Amino acid sequence: MKGLWIRLGAAIQITDAEEQAIFGDDGSKMEDALRTIIAEGRFCPGGETYIPSKAVQKFNRNYGTAYDEEDWCCDL
């Protein structure tokens with residue numbers, strides 16, 4: 001298995017309390033809410049998803065590959 005960092009577009013299902021945490025001023029509450037939502041599987045990948053060029057550069061360094069070091073994009 002190889003690690004690859006991506007930005008994943010996704011729709012999430014949230015409670016009223018999670019809504020407040022996500023749009024509130026406390027970043028740690030937002031992180032906790034998002035981690036819970038993901039752990040419980042209340043998300044569906046969709047929308048703009050991409051691998052930033054910096055992540056491709058790191059992947060190439062880590063695994064000896066030579067992919068074009070550009071943003072790789074798709075719309076799920």
Side-chain angles (χ1 to χ4, degrees):
M1 299 294 279
K2 297 177 182 175
L4 176 62
W5 191 91
I6 67 170
R7 285 194 185 269
L8 178 65
I12 58 177
Q13 299 295 314
I14 61 175
T15 65
D16 289 340
E18 290 164 341
E19 173 187 344
Q20 296 302 312
I22 290 167
F23 293 110
D25 294 333
D26 187 335
S28 65
K29 287 183 180 180
M30 178 184 189
E31 288 177 19
D32 290 344
L34 290 173
R35 288 182 193 284
T36 298
I37 292 162
I38 292 167
E40 292 178 0
R42 293 186 282 130
F43 69 98
C44 181
E48 182 182 4
T49 298
Y50 69 98
I51 305 163
S53 61
K54 287 184 179 183
V56 179
Q57 291 169 2
K58 184 176 180 180
F59 189 87
N60 284 339
R61 267 195 324 274
N62 288 347
Y63 302 108
T65 55
Y67 295 108
D68 289 341
E69 294 180 353
E70 60 187 47
D71 290 351
W72 291 77
C73 305
C74 70
D75 194 20
L76 296 176

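Just so it is clear, the model here is predicted, and its values are computed rather than measured.
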ask   = Mind checking whether Leu8 and Leu76 have side chains closer than 4.5 Å, heavy atoms only?
value = yes
task = Keeping to residues at least two apart or across chains, list the side chain to side chain donor-acceptor pair (under 3.5 Å) pairs with something in residues 27-36.
result = Asp26-Ser28
ask   = How about Gln13: does its CD atom have over 12 heavy atoms from other parts shown lying under 6.0 Å from it?
value = no
key: ring-ring contact (aromatic ring centres under 6.0 Å, His included): pairs with one or both residues in residues 56-76, sequence neighbours excluded   = Phe59-Tyr63
ask   = So how far is it from Cys74 SG to Ile6 CD1, rounded to the nearest 0.5 Å?
value = 8.0 Å
query = Which residues, ordered by chain and number, are linked to Met1 in its hydrophobic cluster, where ILVMFWY side chains connect at heavy-atom gaps below 4.5 Å, directly or through other members?
reply = none
ask   = What residues, two or more places apart in sequence or in another chain, satisfy side chain to side chain donor-acceptor pair (under 3.5 Å) together with Glu69?
value = Asn60
task = Could you name each residue pair satisfying side chain to side chain donor-acceptor pair (under 3.5 Å) that touches residues 43-54, not counting sequence neighbours?
result = Arg7-Tyr50
message = Other members of the hydrophobic cluster containing Met30, with the 4.5 Å side-chain heavy-atom rule, please.
response = Ile12, Ile14, Ile22, Phe23, Leu34, Ile37, Ile38, Phe43
